[in-house]
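Proteins come first, then strands; the chains are lettered A, B, ... in the order of their sequence lines, and each starts at number 1.
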Amino acid sequence: MKAQVTPCSKDAYTLLHNGARALAQIEAAGMRVDIPYLDAAIKRTERQVKRLQARMERTDVARTWRKAYGPKTNFDSTQQLGDILFDWMGFDGSEETAGGSYKTDKVALGKIDHPFVRDMLRVRQLGKALNTNLRGLKREVQDEYLHPFFNLHTTTTFRSSSDHPNFQNIPVREEGIKQLVRRAIIPRPGRQLVEVDYSGIEVRIAACYHQDPVMIEYIRDETKDMHRDMAMECYMLAAEEVTKPIRYCGKNMFVFPQFYGDWYVDCAKSLWNATSEMGLVTESGLALGEHLKAKGIRRRGACIPGKDPVPGTFEAHIQAVEHRFWQERFRVYDQWKKDWFKAYQRKGSFRSKTGFLYQGYLKRNEVINYPVQGSAFHCLLWALSRLVLRELRRNKMKALVIGQIHDSIVSDVPEAEVDDYLLLTQEVMVEKLMKAWPWICVPLVIEAEVAPVTESWVAKKEVRITLAEHKAGWQGLEPGTREWSGYWILHPDEQEQMIAYTRARKIG
DNA sequence: AAACAGTGCGCG
DNA sequence: AAAGCGCGCACTGTTT
């Protein structure tokens, strides 16, 4: 059964009411689409897919497939694919889906070394971009503008959702696919696309619930790095040996899964898998597999639920890392999870910091995660509403908010307004929100990206919203002259100049 | 023809 | 004792 969530306080009601008003304005504004580019991209991708499919056709897998299925042959059928690969051709297919079929997802196919399978994965990736993203844009665009819906009434956690098309799952992680799709989203003439996001908002909001002092210190002290620290532990590395991809794995294959309620068996699998799949190499150039061998770990371990891991395996190591993570490092967080779930079991409901009542039959992990996910989004919703309904209008600005992605705000801003707009986001998303909601007991931080004038969403580059003294010191100006706050904007070229300046001063 | 479950995959 | 949270969308294959 699904959880029932109701705004049960006046504040919660007002938040949703104003949120709906703001999102309606955002939907009405819409975002501009580069139609000529979109048409060309669709044609180009169609050709690419066809070429790959023709190449797949010339392999033994395709021939076997056609022999087995005749005219019913369909390369998009996962059922047929599993049958051909694992029953007909004898590839090793140990993994099963929930429904008891062969698993044929990216991870399962990644273990099969065959040209047909490699091409199929590429066709899937391109096909997703083509059929879902590019054709989705094409289908929904009206007179050069796209108006995705943003809903507040569809989710169990009281986050938002987006559809027709979904603006919240446009590719960004794979560079090529990101370029292909995001290139189609452009600003109005003479304007710039701006995206401002909360950094680590769920971690920060979770801290407001559990108040673990170790976590709060990680958040407050900017020189500390939790994801790097956990990557060090998982892969038994010194801090200097942690590369960006290794840190990425620590973050996305251990820390976040652990926060969401995952356990060491699955963490061990993905962390171990990543060493070869991603070709992880330490900062001094040693393959991670070799490094672990030198540390005495040669095997992954069986990773079978219910079976204790064999000592000396990677699985046993990650089990120990998990134990330290919750029993030593984040003891208070661990205790909060237990207490919070117990209280839910007693009452059958719980109330979020933002005034929403969650009730119904919930699993432990849902009880832990819902309030955090919901309240984190509500921070964005509050700031978004304030910005759209009040601040932009009050300051007679022409900047338009055009979308929202859970923890980020996307806008289409006239060139002349960009700096003021960015200062305003700092003011609203950080200063005003923290004043409005005193339960936020850790600092909030935002990060901003700006694309050059009239250039598309792919061209966005990070800008820094920095304390005025920093820039004033660099430019030899008096700080505190700006209208909004003690902040100033550093664009990419200025960042380089400032770094050069600081370096020159240090040498001098 | 429409509805539904299952699978896979894009995002936070 | 259980064992990753939340979405939307495309597609296959079955049921209504």
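- A salt bridge links A/Arg159 with A/Glu202: the closest approach of a Lys/Arg side-chain nitrogen to an acidic carboxylate oxygen falls below 4.0 angstrom.
- Taking 4.0 Å as the cut-off between side-chain N and carboxylate O, A/Lys338 and A/Asp334 count as a salt-bridged pair.
- Using a cutoff of 4.0 Å between basic side-chain nitrogens and carboxylate oxygens, A/Arg300 and A/Glu315 are not scored as salt-bridged.
- If you measure from atom NE2 of A/His406 to atom C1' of C/dC5, you get 12 Å, rounded to the nearest angstrom.
- Applying a 4.0 Å cut-off to non-hydrogen atoms, the residues of residues 111-136 of chain A that approach DNA chain C are A/Lys128, A/Asn131, A/Thr132, listed by residue number.
- Read 5' to 3', the first and last nucleotides of DNA chain B with an atom closer than 4.0 Å to a heavy atom of chain A are B/dT7 to B/dG12.
- When the ring pair (Phe, Tyr, Trp, His ring centres under 6.0 Å) test is applied to A/His406, no partner is found at least two apart in sequence or on another chain.
- For the pair A/Met226 and A/Val203, the minimum side-chain heavy-atom distance is below 4.5 Å.
- For the pair A/Asn166 CG and C/dC7 P, the computed distance is 12 Å after rounding to whole Å.
- Contacts between residues 256-266 of chain A and DNA chain C, defined by a heavy-atom separation under 4.0 Å, are made by A/Pro257, A/Tyr260, A/Gly261, A/Asp262, A/Trp263, A/Asp266.
- Here the side chain of A/Thr155 is nearest to one of C/dG4, C/dG8, C/dC7, namely C/dC7.
- Of the two residues contacting DNA chain C, namely A/Asp76 and A/Ser161, the nearest-nucleotide position lying further toward the 5' end is that of A/Ser161.
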List, one per line, each side-chain donor-acceptor pair under 3.5 Å for residues 98-120 of chain A, sequence neighbours excluded.
| from | atom 1 | to | atom 2 | distance (Å) |
| --- | --- | --- | --- | --- |
| A/Tyr102 | OH | A/Asp87 | OD1 | 2.7 |
| A/Lys103 | NZ | A/Asp105 | OD2 | 3.2 |
| A/Asp105 | OD1 | A/Val107 | N | 3.4 |
| A/Asp105 | OD1 | A/Ala108 | N | 3.0 |
| A/Asp113 | OD1 | A/Arg118 | NH1 | 2.6 |
| A/His114 | ND1 | A/Phe116 | N | 2.9 |
| A/His114 | NE2 | A/Asp60 | OD1 | 2.9 |
| A/Asp119 | OD1 | A/Arg55 | NH2 | 2.7 |
| A/Asp119 | OD2 | A/Arg55 | NE | 2.9 |
| A/Asp119 | OD2 | A/Arg55 | NH2 | 3.4 |

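- A salt bridge does not link A/Glu322 to A/Arg329: none of the charged side-chain nitrogens sits closer than 4.0 Å to a carboxylate oxygen.
- In this structure, A/Leu362 atom CG and C/dG4 atom C1' are separated by 16 Å, rounded to whole Å.
- Residue A/Ser77 has a polar side-chain atom (N or O) positioned under 4.0 Å from OP1 or OP2 of C/dG13.
- Residue A/Ser408 is classed as having no contact, given no heavy-atom separation below 4.0 Å to the nucleic acid.
- Protein atom NZ of A/Lys269 is 13 Å distant from nucleotide atom C1' of C/dG4, rounded to whole Å.
- Between A/Asp229 and A/Lys224 there is no salt bridge, since no side-chain N of the basic residue sits under 4.0 Å from a carboxylate O of the acidic one.
- Between the P atom of C/dC5 and the CD atom of A/Gln373 lies a distance of 10 Å, rounded to the nearest Å.
- Whole-Å rounding puts the A/Arg159 CZ to C/dG8 C1' distance at 13 Å.
- By the 4.0 Å N-to-carboxylate-O rule, A/Glu57 lies close enough to A/Arg66 to be salt-bridged with it.
- Other residues, nucleotides and ligands contribute only 12 or fewer heavy atoms inside 6.0 Å of the CZ atom of A/Phe149.
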Dot-bracket encoding of pairs in DNA chain C, which uses [ ] for pseudoknotted crossings and | for another strand, Watson-Crick or G-U under 3.5 angstrom: ....||||||||||||
